[in-house]
Amino acid sequence: MADVVKGPDGPDVDRESVVLDAKGLRALAHPVRVQLVGLLRKYGPSTATRLAERLGVNSGTASYHLRQLGAAGFVEEDTGLGNARERWWRSVHRTIWFNDPELAEREPEAVLAYLQSVAAIHTLRLQQTLNELLTMPPAWRNSFDMSDWALRLTPEEAGSLEQELKEVVARYRRDRPEDAASAPEGAERVSVITYVLPELDGPGAAPYPGPPEAEDGPAS
């Protein structure tokens with residue numbers, strides 16, 4: 001899945017990242033494709049058959065979507081692992097960024113389809129963790145968190161909050177298949193999913209009525 005939906009305001013992204021353009025948005029406007037990219041990042045190179053087993057789809061479906069992702073530059077064939085009978089695929093990038101207001105204006109349907117695909121994968125990840133929660137070791141079960149806070153912010157404050165959350169996450173060890181063997185003992189994969197969700201009041205929307213004013217005089 002896409003590691004990051006909204007990227008930095010400037011062009012500063014590392015060499016393992018890609019900034020989405022219109023073609024990339026359309027290529028990722030399907031939950032299966034977002035999942036395929038995510039699995040290749042998470043576990044390393046794989047075949048269409050193995051990826052299909054993980055996703056619960058047939059290998060023909062996985063192969064089709066991998067070819068579409070390949071045409072868009074998100075995955076590529078791993079010729080060092082493949083053979084005449086079996087093609088292996090790998091992810092080209094570690095991170096996908098999207099933060100182009102002009103593109104969002106030009107391609108609103110593609111943007112919405114992409115974001116809906118990402119949201120669907122986030123929901124699936126959460127449900128999978130909940131399904132496994134009771135069988136996790138206590139230390140990991142106690143580390144699980146699912147919280148929400150209601151804040152009242154300006155757009156600028158919301159942007160600052162988003163940036164601060166990214167900076168906190170960036171201080172921690174990234175998950176890469178090639179680095180798993182060198183991770184500290186006891187380290188496991190942890191997904192951190194953040195949302196900043198504007199909930200704009202409609203025109204003329206009135207707040208909930210407050211408690212009745214207390215009347216002067218002795219209580220009865």
Side-chain angles (χ1 to χ4, degrees), residues 1-78 87-129 162 165-166 169-170 174-177 189-198:
M1 93 125 249
D3 288 339
V4 178
V5 173
K6 185 178 179 183
D9 294 328
D12 248 1
V13 292
D14 60 54
R15 58 187 176 83
E16 294 185 318
S17 302
V18 61
V19 178
L20 284 183
D21 56 13
K23 179 182 178 182
L25 278 173
R26 288 190 288 269
L28 288 175
H30 195 293
V32 169
R33 295 181 192 173
V34 178
Q35 286 180 285
L36 287 169
V37 173
L39 288 174
L40 291 173
R41 290 180 187 164
K42 186 181 291 187
Y43 300 109
S46 189
T47 66
T49 300
R50 296 182 182 189
L51 291 166
E53 290 173 354
R54 284 187 176 273
L55 294 181
V57 301
N58 63 61
S59 59
T61 297
S63 293
Y64 168 77
H65 287 300
L66 284 166
R67 290 195 300 272
Q68 299 302 308
L69 289 168
F74 292 108
V75 304
E76 64 186 4
E77 190 172 352
D78 192 331
R87 298 176 71 184
W88 284 69
W89 298 86
R90 64 186 176 193
S91 175
V92 176
H93 312 102
R94 290 298 312 169
T95 308
I96 292 174
W97 299 94
F98 172 66
N99 186 23
D100 187 339
E102 293 184 5
L103 179 57
E105 291 292 329
R106 295 197 310 270
E107 300 277 351
E109 293 183 359
V111 170
L112 182 58
Y114 167 62
L115 296 179
Q116 287 175 331
S117 294
V118 173
I121 304 310
H122 288 178
T123 301
L124 179 61
R125 281 189 179 183
L126 175 58
Q127 192 59 58
Q128 288 172 336
T129 299
E162 177 190 0
L165 291 172
K166 288 178 181 177
V169 173
R174 293 294 297 272
D175 175 50
R176 305 171 191 268
R189 182 178 298 108
V190 173
S191 291
V192 178
I193 300 172
T194 66
Y195 295 108
V196 176
L197 305 176

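Values below: every heavy atom of this structure, side chains too, minus hydrogens, waters and symmetry copies.
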With side chain to side chain donor-acceptor pair (under 3.5 Å) as the test, pick out the partner of D175 among R189, R41, K42, R94.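 Checked R189, R41, K42, R94 against D175; only one passes side chain to side chain donor-acceptor pair (under 3.5 Å): R189.
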How would you list, by chain and number, every residue that makes a side-chain contact (heavy atoms from CB on, under 4.5 Å) with [X], sequence neighbours excluded?
| X | answer |
| --- | --- |
| V169 | V192 |
| E109 | none |
| L112 | Q116 |
| E76 | R90, V92 |

Pairwise side-chain contact, L36 with V75, heavy-atom cut-off 4.5 Å (strictly under):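 Not in contact.
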Would you say the side chain of F74 lies within less than 4.5 Å of the side chain of L20, judging by non-hydrogen atoms?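 Sidechains of F74 and L20: in contact.
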Please report the interatomic distance [atom1]([X]) to [atom2]([Y]), rounded to the nearest 0.5 Å.
| X | Y | atom1 | atom2 | answer |
| --- | --- | --- | --- | --- |
| S46 | W89 | OG | CH2 | 12.0 Å |
| Y114 | I96 | OH | CD1 | 5.0 Å |
| H122 | T194 | NE2 | OG1 | 8.5 Å |

Minimum-distance pair of heavy atoms, taken over all atoms of [X] and [Y]:
| X | Y | value |
| --- | --- | --- |
| A113 | A29 | CB-CB, 3.6 Å |
| P45 | W88 | O-CZ3, 3.4 Å |
| S117 | V34 | CB-CG2, 3.8 Å |
| A48 | A62 | O-CB, 3.6 Å |
| V37 | S91 | CG1-OG, 4.3 Å |

Using the side-chain hydrogen bond (donor to acceptor under 3.5 Å, both in side chains) criterion, which residues pair with D21? Sequence neighbours excluded.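 Partners of D21 by the side-chain hydrogen bond (donor to acceptor under 3.5 Å, both in side chains) criterion come out as none, since no residue qualifies.
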Among residues at least two apart in sequence or on other chains, which ones pass side-chain hydrogen bond (donor to acceptor under 3.5 Å, both in side chains) with S191?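 Testing S191 for side-chain hydrogen bond (donor to acceptor under 3.5 Å, both in side chains), a comparison that skips the adjacent residues, returns R125.
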Under 3.5 Å, side-chain donor or acceptor atoms of residues 65-72 against the rest of the protein: list the pairs with distances, not counting sequence neighbours.
unit_1, atom_1, unit_2, atom_2, d
H65, ND1, R33, NE, 2.9

Can you tell me which residue pairs pass the salt bridge (charged side-chain N to carboxylate O under 4.0 Å, His left out) test with a partner in residues 98-108, sequence neighbours excluded?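 Salt bridge (charged side-chain N to carboxylate O under 4.0 Å, His left out) check on residues 98-108 returns R26-E107.
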Does any pair with a residue in residues 47-59 pass side-chain hydrogen bond (donor to acceptor under 3.5 Å, both in side chains), and if so which ones, sequence neighbours excluded?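 Listed by first then second residue: N58-T61.
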Take L165 and Y195 through the side-chain contact (heavy atoms from CB on, under 4.5 Å) test and state the conclusion after the steps. CA-CA 10 Å; L165 291 172; Y195 295 108; over 6 Å; no
